[in-house]
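Since we're looking at a predicted model, the values are computed, not measured. Proteins come first, then strands; the chains are lettered A, B, ... in the order of their sequence lines, and each starts at number 1.
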Protein chains: 2
Amino acid sequence: MSEQTVEELVADVFSRACTSREALEHVTGKWSLLALSALAESPHRFGELRRRIEGVSEKMLAQGLQTLERDGWVHREVRSTIPPHVEYRLTEAGAELVPHLLGLIDFVEGRMPAVRAARAAADRARLPR
Amino acid sequence: MSEQTVEELVADVFSRACTSREALEHVTGKWSLLALSALAESPHRFGELRRRIEGVSEKMLAQGLQTLERDGWVHREVRSTIPPHVEYRLTEAGAELVPHLLGLIDFVEGRMPAVRAARAAADRARLPR
DNA sequence: GTATGGCACTAACCATCGGTTAGTACTGCT
DNA sequence: AGCAGTACTAACCGATGGTTAGTGCCATAC
């Protein structure tokens with residue numbers, strides 16, 4: 001066994017010990033997913049992202065960006081100015097991740113009529129049971 | 001304007017009014033994502049899913065399955081037997097959704113070494129700031 | 001007889017996290 | 001003076017995730 005631990009070798013999402021579970025949760029988080037999508041368009045400053053993503057609070061945005069930065073999907077660049085000037089851009093890894101997310105988003109968006117129909121049918125049948 | 005409402009026409013994830021946001025949250029939810037992945041392998045009974053996905057509680061599993069069923073991604077089939085016999089399988093929509101999810105999962109799994117390295121570097125640099 | 005297991009949930013409860021609101025410090029404008 | 005811009009964070013409280021117990025029937029074991 002090399003320097004890798006057992007934990008590092010587990011890459012099975014069904015296993016409780018799978019470390020990619022947490023990483024998946026991060027990138028699919030409600031606000032993170034939207035931040036990544038916005039950054040796919042172009043680098044953004046904090047406030048630009050805030051305005052781009054309707055409904056996100058500064059707190060939730062900051063939190064998500066911090067996580068994305070720590071995991072290596074997003075690069076944060078600080079300029080020592082007043083007022084603060086912080087810019088976020090996708091890392092190389094982030095740029096490779098985003099098409100997967102956008103594919104999913106596009107797919108679900110395209111399926112919304114069916115989702116709505118399914119919900120109406122389910123509610124008509126009075127689910128939950 | 002036909003019978004569709006403005007809300008139904010909004011399919012922009014950046015908009016607060018976008019109805020696909022909720023649907024996205026559902027399919028990317030921690031346990032739902034895993035349930036969908038397991039059902040991609042084969043239909044499962046409730047207990048089979050529970051055992052397949054380490055770490056999920058019956059409560060969280062039932063909750064996720066209910067949501068997936070209501071949105072139309074999963075079909076739930078009940079047999080009137082004692083003990084209960086409930087089987088879950090992907091709907092046609094679900095079967096089209098799942099490759100997107102699996103692609104994302106595979107990608108993130110493959111990137112875990114880089115994610116771990118990024119975290120180590122970030123923590124060494126003492127993030128959060 | 002009792003106890004336990006199987007099945008698929010749900011109720012009750014509590015810990016954790018999401019979201020709201022207020023605050024920070026500097027500059028510039030009204 | 002107040003307000004706006006900038007990018008966060010602290011304090012607080014409500015919502016949701018997760019734990020534990022419970023349901024009712026049948027079968028098996030002691």
Side-chain angles (χ1 to χ4, degrees), chain A residues 16-17 21-35 38-39 43-71 74-89 122 125-129, chain B residues 16-17 21-35 38-39 43-71 74-89 122 125-129:
Chain A
R16 157 195 331 257
R21 277 194 185 183
E22 186 184 50
L24 264 171
E25 277 166 53
H26 290 168
V27 299
T28 55
K30 177 173 171 181
W31 302 117
S32 296
L33 184 101
L34 296 177
L39 291 174
H44 283 61
R45 293 179 62 182
F46 187 87
E48 286 171 343
L49 275 174
R50 173 88 198 276
R51 289 186 291 276
R52 183 79 185 91
I53 306 166
E54 283 180 29
V56 73
S57 67
E58 293 169 358
K59 185 231 174 158
M60 296 313 297
L61 181 56
Q63 191 170 290
L65 288 170
Q66 190 177 118
T67 300
L68 292 174
E69 187 199 2
R70 183 165 177 274
D71 284 0
V74 160
H75 179 64
R76 175 174 175 274
E77 188 174 309
V78 189
R79 289 195 208 161
S80 301
T81 61
I82 295 293
H85 180 119
V86 180
E87 187 174 88
Y88 295 88
R89 74 182 65 238
R126 286 194 159 261
L127 295 170
R129 286 144 311 261
Chain B
R16 157 193 330 257
R21 277 194 185 184
E22 186 184 49
L24 263 171
E25 277 165 56
H26 291 167
V27 300
T28 56
K30 176 173 171 182
W31 302 118
S32 296
L33 184 99
L34 296 178
L39 290 175
H44 283 62
R45 291 177 65 181
F46 186 87
E48 286 172 344
L49 275 174
R50 172 87 199 277
R51 289 185 292 275
R52 183 79 184 91
I53 306 165
E54 282 182 27
V56 72
S57 68
E58 291 169 0
K59 186 230 174 158
M60 296 313 298
L61 181 57
Q63 193 169 288
L65 288 170
Q66 192 178 114
T67 300
L68 292 174
E69 188 199 0
R70 184 164 175 274
D71 283 1
V74 160
H75 179 63
R76 176 175 175 273
E77 187 173 310
V78 189
R79 288 196 209 160
S80 301
T81 61
I82 294 293
H85 180 118
V86 181
E87 187 174 87
Y88 295 87
R89 73 181 65 239
R126 287 195 158 260
L127 294 171
R129 289 148 304 263

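C/dA8 atom C1' lies 6 Å from atom CZ of B/Phe46, rounded to whole Å. Look at CZ on A/Arg16: it is 13 Å from C1' on D/dG18, rounded to the nearest Å. In this structure, CD of B/Glu22 is placed 14 Å from C1' of D/dT16, rounded to the nearest angstrom. The CD atom of A/Glu25 sits 8 Å away from the P atom of D/dG18 (whole-angstrom rounding). Atom pair B/Leu49:CG and C/dC9:P shows a separation of 10 Å (rounding to whole Å applied). Atom CD of A/Glu69 and atom P of D/dA7 are 14 Å apart (whole Å). Taking atom NE2 of B/His26 as the reference point, atom C1' of D/dT16 lies 13 Å away to the nearest angstrom. The interatomic distance linking B/Leu61 (CG) with C/dC9 (C1') rounds to 10 Å, in whole Å.
You'll find the side chain of B/Arg89 stays beyond 4.5 Å of the side chain of B/Leu39, heavy atoms only. For the pair A/Val27/A/Asp71, no side-chain contact is recorded, criterion being any heavy-atom separation below 4.5 Å from C-beta on.
Proximity note for A/Lys30 (side chain, C-beta onward) versus C/dG19, C/dC9, D/dG18: the nearest is C/dG19. The nucleotide whose nearest atom lies closest to any side-chain atom of B/Met60 is, among C/dT10, D/dG18, D/dA7, D/dG18. Counting only heavy atoms from C-beta on, B/Gln63 has its side chain closest to D/dG17 among D/dG17, C/dA8, C/dG18.
Residues satisfying the salt bridge (charged side-chain N to carboxylate O under 4.0 Å, His left out) criterion with B/Glu48, sequence neighbours excluded, are absent altogether.
Bending across the helix from C/dG1-D/dC30 to C/dT30-D/dA1, expressed as the angle between its end axes from five pairs apiece, amounts to 40° (10° rounding).
Using a 4.0 Å cut-off, no side-chain N or O of A/Arg50 falls inside it from OP1 or OP2 of D/dG5. At D/dG17, none of the side-chain N or O atoms of B/Trp31 fall inside 4.0 Å of OP1 or OP2 (strictly under the cut-off). An OP1 or OP2 oxygen of D/dA7 is reached within less than 4.0 angstrom by a side-chain nitrogen or oxygen of A/Arg45. Residue B/Arg51 places no side-chain N or O under 4.0 Å from the OP1 or OP2 atom of C/dA8.
Residue B/Arg52 comes nearest to B/Ala38 through the heavy atom pair CG-CB, 4.0 Å, listed as atom of the first residue, atom of the second, then distance. A/Tyr88 and A/Arg76 get closest at one heavy-atom pair: OH-NE, 3.3 Å. Nearest heavy atoms, B/Arg45 versus B/Pro84: NH2-O, 3.2 Å. For the pair B/Arg16 and A/Gly55, the tightest heavy-atom approach, listed with the atom from each and the gap, is NH2-N, 3.5 Å. Residue B/Met60 comes nearest to B/Trp31 through the heavy atom pair CB-CD1, 3.6 Å, listed as atom of the first residue, atom of the second, then distance. Listed here is the closest heavy atom pair of A/Ala35 and A/Leu68: CB-CD1, 4.4 Å.
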Chi angles and distances behind the side-chain contact (heavy atoms from CB on, under 4.5 Å) call for B/Leu33, A/Glu25 = CA-CA 10 Å; B/Leu33 184 99; A/Glu25 277 166 53; over 6 Å; no
Whether each nucleotide of nucleotides 21-30 of chain C has a protein heavy atom under 4.0 Å at its base (B), only at its sugar-phosphate (S) or at neither (-) is summarised, 5' to 3', as -----B----
